[in-house]
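Read the structure below first, then the notes.
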Amino acid sequence: MPELPEIQTSINDLLNSRIIGRRINDCRVLWPRSVRPLKAGDFQARISGLVLQQLHRRGKYMVFRLNRDQTLLVHLRMTGQFHLRPAGSPEDPHDRVIFELDDRRRLCFHDTRKFGRLILTADPEDILNRLGPEPFDPALGAEDFFRALRRRRSRIKALLLDQSFIAGLGNIYCDEALFAAGIHPLRNAASLREEEAQLLLVKIREVLNTGLRNRGTSLGLGETNYLSGGRRGENSGALHIYGKAGQRCPRCGSVIEKIYVAGRGSHLCPRCQEITLEGSLTSPG
DNA sequence: AATACAGCCTGGACGC
DNA sequence: TGCGTCCAGGCTGTAT
């Protein structure tokens, strides 16, 4: 599932494919819910003729700046991806929105499970302002992170998945960061000691950086798998814990467990990520 | 404030 | 081989 490294890789690949400066000559919406809340016809009419001026990432959103003060926010959710194809290519059954560019290329939003969203708006900040800090923001210091954790009573994993607390983490990199920091996903956020919080922030950045270097994580071979630039991500070999329930912990050899936290499958080593009674309880004050 | 759960979706894994 | 069933999960909305 696309998280920060996969979104950033998708953006880098589009930038390398020189889509900036291209005009959208025409647009076809094949699955209207992909462009909610606009109606398909309104989306097509409003975006046709606009020029792609900038592209960057914020959290898990791809932010396409267009002229006339319009912004296209794209959330890939589970299976969204972009493909550039020559004009006249045969239609892919999972393409949901197709942009005809002015250089005889097609920018196709491909989304098997149809959860992804393309939001065309003049006020992207209404959405982006709800996001928490970027994990790599140099202004996000270890001490701030510790203090923010101390104020919260939720389970640490639920908090890391909360995009308004920190933006860009999803299930895979969350499990990997918690394992690398030796922190049980059910730990109460407020129970983390200062050195644990500091280490967790370091490990979050490490696992994301590894993911970025490897162009993201692709799991399995099927239709729903993550691709960018038509290629698989190479990060699955760098995973230590995610998707490895029943296998041995690479650090201590214990059997990796899978539990559910905040409704998500969560992988952990019961020895490297111990939880104590006080860690699982809400601390007073 | 935190949690749980349904809903949105389909391909793939699994059992028989 | 071919069904049926369940699972995966980011996010939103609703209920507790």
Side-chain angles (χ1 to χ4, degrees), chain A residues 1-8 10 29-37 57-62 73-81 92-97 109-119 121 124 126-132 135 148-178 185-192 208 211 216-227 232-233 236 239 241-246 258-267 279-285:
Chain A
M1 59 237 76
E3 309 178 28
L4 186 152
E6 291 77 24
I7 314 294
Q8 189 63 55
S10 300
V29 175
L30 305 173
W31 182 255
R33 288 187 185 186
S34 296
V35 301
R36 278 197 314 187
R57 183 188 57 75
R58 176 75 177 96
K60 295 182 193 170
Y61 285 93
M62 301 172 76
L73 295 178
V74 177
H75 200 302
L76 302 176
R77 293 282 183 98
M78 304 302 299
T79 59
Q81 47 191 253
D92 184 297
H94 299 116
D95 283 349
R96 307 304 178 195
V97 181
F109 178 68
H110 180 283
D111 186 19
T112 307
R113 287 191 188 161
K114 300 177 174 173
F115 285 170
R117 290 290 175 264
L118 281 67
I119 302 163
T121 175
D126 289 353
I127 290 169
L128 299 180
N129 282 345
R130 293 181 217 153
L131 298 175
L149 290 177
R150 210 169 45 173
R151 276 187 254 116
R152 301 292 291 262
R153 301 300 155 79
S154 56
R155 297 157 171 172
I156 183 63
K157 173 149 180 186
L159 197 54
L160 295 183
L161 289 172
D162 180 349
Q163 300 299 299
S164 70
F165 182 77
I166 187 167
L169 288 173
N171 208 33
I172 295 176
Y173 295 98
C174 227
D175 280 7
E176 292 295 320
L178 287 169
L186 287 174
R187 284 278 298 280
N188 192 283
S191 79
L192 266 65
L208 292 175
T217 304
S218 294
L219 299 165
L221 299 168
E223 183 57 54
T224 58
N225 198 24
Y226 156 79
L227 295 177
R232 293 170 57 82
S236 64
L239 300 182
I241 199 98
Y242 182 84
K244 297 185 188 296
K258 181 176 181 183
I259 62 172
Y260 285 84
V261 185
R264 308 279 158 63
S266 301
H267 310 79
S280 64
L281 296 175
T282 299
S283 59

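Here is the naming used below: chain letters follow the sequence lines, and residue numbers restart at 1 for every chain.
In this structure, A:Ile127 atom CD1 and C:dG10 atom P are separated by 19 Å, rounded to whole Å. Atom-to-atom, CD1 of A:Ile172 to C1' of C:dA8 comes out at 11 Å; the value is rounded to the nearest Å. Between the CG atom of A:Leu76 and the P atom of C:dA8 there is a distance of 22 Å, given to the nearest Å. Regarding A:Arg153, its CZ atom lies at a distance of 10 Å from the C1' atom of B:dA1, rounded to whole Å. When rounded to the nearest whole Å, the span between CZ of A:Arg33 and C1' of B:dC9 equals 10 Å. One can place CG of A:Asp111 at 10 Å from P of B:dT10, the figure rounded to the nearest angstrom. Here B:dA1 presents its P atom at 15 Å from CG of A:Asn188, a figure rounded to the nearest Å. Between the CD1 atom of A:Ile259 and the P atom of B:dA4 there is a distance of 12 Å, given to the nearest Å.
Counting any heavy atom pair closer than 4.0 Å across all strands shown, A:Lys157 reaches no nucleic acid atom. Using a 4.0 Å heavy-atom cutoff across all strands shown, A:Phe165 reaches no nucleic acid atom at all. If you check every strand for non-hydrogen atoms under 4.0 Å, A:Glu3 touches nothing. Residue A:Gly265 is in sugar-phosphate contact alone, with no base atom involved, counting any heavy-atom pair closer than 4.0 Å across all strands shown.
For A:Arg36 (side chain) and A:Pro32 (main-chain N/O), no donor-acceptor pair under 3.5 Å exists by modelled atom type. For the pair A:Glu176 (side chain) and A:Asn171 (backbone), a donor-acceptor distance under 3.5 Å is absent. Using modelled atom types, no side-chain atom of A:Asn225 and backbone atom of A:Ser218 make a donor-acceptor pair closer than 3.5 Å. Checking side-chain atoms of A:Arg77 against main-chain N and O of A:Thr79 turns up no donor-acceptor pair under 3.5 Å.
With hydrogens and angles ignored, a donor-acceptor pair closer than 3.5 Å exists between the side chain of A:Arg113 and the base of C:dA8.
In this structure, A:Gln163 does not reach the C:dG10 phosphate: none of its side-chain N or O atoms is under 4.0 Å from OP1 or OP2. Put simply, A:His75 has a side-chain N or O that comes within less than 4.0 Å of OP1 or OP2 on C:dC11. For B:dT3, the OP1/OP2 oxygens have no side-chain nitrogen or oxygen of A:Tyr260 closer than 4.0 Å. Taking 4.0 angstrom as the limit, A:Tyr61 places none of its side-chain polar atoms (N or O) nearer than this to OP1 or OP2 of C:dC11. A close approach under 4.0 Å does not occur between any side-chain nitrogen or oxygen of A:Arg77 and OP1 or OP2 of C:dG9. Regarding contacts with the backbone of B:dG11, a side-chain N or O of A:His94 is found under 4.0 angstrom from either OP1 or OP2. The shortest distance between the side-chain N/O atoms of A:Lys114 and the OP1/OP2 oxygens of B:dT10 is below 4.0 Å.
Residue-nucleotide stacking is present for A:Phe115 and C:dG10, judged by a side-chain ring centre under 5.5 Å from the six-membered base ring centre and planes under 30° apart.
Of all nucleotides listed (C:dG10, B:dA2, C:dC11), B:dA2 comes nearest to the side chain of A:Ser154. Of the candidate nucleotides B:dG11, B:dC9, C:dG10, B:dC9 has the atom lying nearest to any side-chain atom of A:Trp31.
Heavy-atom nearest nucleotides on DNA chain C were determined for A:Arg130 and for A:Thr79, and the one closer to the 5' end corresponds to A:Thr79. Heavy-atom nearest nucleotides on DNA chain B were determined for A:Thr224 and for A:Arg152, and the one closer to the 5' end corresponds to A:Arg152.
Put simply, the side chain of A:Asp95 does not reach to within 4.5 Å of the side chain of A:Trp31, judged on heavy atoms. Annotation: side chain of A:Thr112 is not in contact with side chain of A:Gln81 (no heavy-atom distance under 4.5 Å).
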